[in-house]
Amino acid sequence: MRWTKTFIPTMKEVPSDAEVPSHQLMLRAGLIRQLMAGAYTFMPLGYRVIRKVSEIVRQEMDRAGAVELFMPAIQPIELFERTGRREAFGNVLFNFETRRGDRQLHFALGPTHEEVITDLISREIKTYKQLPITLYQIQTKFRNEERPRFGVLRTSEFLMKDAYSFSTSVEQLNDAYDAMYNAYCRIFERCGLEYIPVEAESGPIGGDASHEFMAPADNGEDYVVRCGACGYAANQERADTGRSQALPAAVPDADAPQKVDTPNAGSIDDVSQMLKAPANIFIKTLIYIVDEKPVAVLLRGDHEANEGKIRRALNGTDVSLADEATIERVTGAPVGFAGPVGISCDYIADHDVGAIAAAVTGANEKDVHLTGVIPGTHFELTETFDLRNAAAEDPCPRCESSLEIVHGIEIGHVFKLGTKYSQSLDASFLDSEEKKHPIIMGCYGIGVSRVVASIVETCHDDGGIIWPMSVAPYTVELIPLNVKDADVMAAAEKIYNELTAAGVDVLMDDRDQRPGFKFKDADLIGLPVRVVVGGKGLKEGNAEIKLRTDSEATKVPLESAVARVQELIEAGVQ
RNA sequence: CGGGACGUGGCUCAGCCUGGUAGAGCGCUGCACUGGGGGUGCAGAGGUCGCAAGUUCAAAUCUUGUCGUCCCGACCA
């Protein structure tokens with residue numbers, strides 16, 4: 001391809017709307033343009049990357065035994081009503097009514113395709129002899145994100161590969177899951193993307209039922225907890241902390257807690273400043289409603305509650321923060337002054353609460369806190385739980401080392417669904433004894449457009465993008481330095497034709513621009529191999545070849561330039 | 001949905017506080033020079049200052065509303 005014949009609008013300046021590197025660089029390199037918040041056009045160069053990544057995904061899905069199909073993005077709302085997800089998705093589900101003749105129809109734009117594919121399978125699969133099977137598609141998904149952001153990283157319309165496995169047994173499901181898991185590793189590897197598979201929230205099946213694939217990146221929205229020593233990794237929601245229960249012994253002759261006035265200081269920060277006491281000797285008391293009953297959750301002041309862990313500790317199903325009225329009712333004070341001493345509802349405490357020697361807590365009285373509160377002495381403490389998000393330096397649950405926290409972008413997710421959808425949509429099979437069972441499902445997603453953004457997010461330098469060979473929009477950028485020089489152009493055309501004939505994706509920058517201008521653009525769009533043909537080199541019979549990652553170009557005789565480029569490509573692709 | 005910021009030519013921004021002729025750099029068009037890391041000169045094109053009301057003799061500038069975009073938070077099977 002010649003630059004002047006395609007459409008690559010690069011820009012020198014950083015658009016003021018773009019904050020994160022991937023967004024800035026994708027705009028600057030002419031990969032994308034914004035239509036509105038959360039919706040982007042993939043320009044020719046960007047779309048080539050989408051296609052390269054999609055092709056890798058296809059190859060690995062096919063290799064893993066999955067079969068491609070293509071389902072409608074537009075779907076009847078009834079399907080979501082049958083699975084209860086119309087409500088679960090809420091506003092995230094794009095849906096609209098429209099008239100067809102005298103009928104009023106209600107559609108949704110698919111945020112994912114469990115419903116559609118399970119409906120399909122329920123009609124077509126009858127017997128265990130047709131199973132197992134794994135189907136996949138690459139489709140645009142629609143989610144009405146409350147807040148689209150970070151360019152293509154979080155949009156309301158995005159390209160996703162979604163696969164669904166259908167099995168007759170948990171063993172079959174596990175095989176399908178493992179096949180997908182391994183395929184994902186190969187995909188991200190081939191895309192040149194660093195990734196961490198992490199344990200994620202487990203579903204109805206329990207155990208190792210879900211993994212997220214995270215690309216470590218400073219601007220990632222998710223937190224990954226991992227252990228450098230043993231390789232344990234989990235998302236922050238899920239991560240266990242390796243702490244054990246340490247119950248304090250009651251202190252026999254302890255002084256009673258001291259009341260201190262803390263006017264208008266309802267937050268840990270406020271009180272901490274007022275009393276000049278560090279947050280980690282506070283007992284944070286959060287009032288939750290668990291299955292309609294108020295429960296106080298006690299945490300160390302500098303820790304964050306984890307609702308999933310609270311739910312599990314209490315064996316509840318529904319957990320949410322209490323409203324102000326409830327808080328006032330159980331504590332007898334406005335929000336901000338709750339504490340375990342004398343509280344009128346049940347409470348549970350995190351492991352670390354028991355280790356505070358003399359704590360500061362709310363006094364359940366307006367504008368008053370207590371100091372010198374001794375856990376187990378001034379309030380009862382017979383058992384503690386893991387109720388909070390893991391933090392850096394927490395002990396690893398698997399080994400003797402400690403945990404670290406890194407930011408990550410979720411690029412893939414594999415999930416053992418079980419029979420949730422097959423039951424609600426009546427997808428079942430007959431076994432060899434003619435007994436009917438719901439099909440056991442798994443689902444497996446990769447955000448293709450998000451993978452592209454993640455690559456840019458992690459592979460760049462000050463000059464621009466650094467594409468891995470496997471996903472680069474073109475492999476070689478060929479730069480004739482002076483397009484008005486017939487000799488230069490002739491030499492460049494020769495290389496261009498030979499590389500193209502050899503099946504190499506070449507982009508020739510045939511614009512009549514100064515060399516510096518073209519070099520800057522070359523760095524920006526970040527093609528892996530750069531070949532320069534200029535007047536000076538030409539006199540010596542040389543072209544210059546440079547990898548995007550090299551700092552200096554190498555002179556190569558014109559006649560061996562093509563062969564050299566092919567060597568570099570072979571070495572780069574592996 | 002809560003909090004904050006910003007809307008001025010294609011892009012980056014100044015002007016706004018203190019109301020009175022709409023500006024710069026880059027980009028774009030033409031010509032000339034130049035030609036190895038975003039050139040130089042000359043001559044041009046291009047803006048109802050997001051939109052709407054209001055205050056005023058007069059609004060890019062002040063007021064109110066509204067729309068849009070971005071950031072933080074909440075949310076994200």
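Quick note: numbers below take in every heavy atom, side chains included, and nothing from hydrogens, waters or symmetry partners. Numbered from 1 within each chain, the chains take letters A, B, ... in sequence-line order.
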Flag the pair A:Arg238 and A:Glu212 as a salt bridge only when some basic side-chain nitrogen lies within less than 4.0 angstrom of an acidic carboxylate oxygen. no
Base, sugar-phosphate or nothing for A:Gln513? Non-hydrogen atoms, less than 4.0 Å. base
With a 3.5 Å limit on both atom pairs, tell me what B:G41 is paired to, counting Watson-Crick and G-U wobble, or say none. B:C31
Side chain of A:Ala37 (C-beta onward), nearest among B:C70, B:C11, B:G38: B:C70
Paired with B:C75: which nucleotide, if any, by Watson-Crick or G-U wobble criteria at under 3.5 Å for both distances? none
Between B:C62 and B:A45 - P atom distance, rounded Å: 31 Å
Of the listed B:G35, B:U12, B:C72, the closest approach to the A:Phe150 side chain comes from B:C72
Give me the distance, rounded to whole Å, that separates B:U8 from B:U48 when you measure between the P atoms they each carry. 13 Å
For B:U12, glycosidic torsion class - syn if within 90° of 0, otherwise anti: anti
Of the options B:C75, B:A77, B:G37, whose atoms approach the side-chain atoms of A:Phe519 most closely? B:G37
Per atom distances to the A:Pro15 side chain, the nearest of B:U12, B:A77, B:C70 is B:U12
Counting the atoms with a prime plus P, OP1 and OP2 as sugar-phosphate, which does A:Gly90 contact under 4.0 Å by heavy atoms, base, sugar-phosphate, or nothing? nothing
Look through every strand shown and name the nucleotide pairing with B:G54 as Watson-Crick or G-U wobble, where both distances are under 3.5 Å. B:C62
Taking the six-membered ring for Trp and the full ring for Phe, Tyr or His, determine whether the centres of A:Tyr181 and A:Tyr444 are under 6.0 Å apart. no
Base, sugar-phosphate or nothing for A:Asn144? Non-hydrogen atoms, less than 4.0 Å. nothing
Taking any heavy-atom pair under 4.0 Å as a contact, classify A:Arg530: base, sugar-phosphate, or nothing. base
Using a 6.0 Å distance limit plus a 45 degree cone around the ring axis, check whether A:Arg2 lies over the aromatic ring of A:Tyr496. yes
Can you tell which of B:G35, B:U12, B:C75 lies closest to the side chain of A:Arg149? B:C75
Kindly say whether the aromatic ring centers of A:His23 and A:Tyr40 come within a distance under 6.0 Å. yes
If pairing means Watson-Crick or G-U wobble with both distances under 3.5 Å, then the partner of B:U18 is none
Would you classify A:Asp523 as touching base, sugar-phosphate or nothing, given that sugar-phosphate means primed atoms plus P, OP1 and OP2, and contacts are heavy atoms under 4.0 Å? base
Quick one: which of B:A77, B:U69, B:G38 gets closest to the side chain of A:Phe89? B:A77
Nearest listed nucleotide, side chain of A:Glu13, among B:C72, B:G25, B:G36: B:G25
Nearest listed nucleotide, side chain of A:Gln34, among B:C70, B:U12, B:G36: B:C70
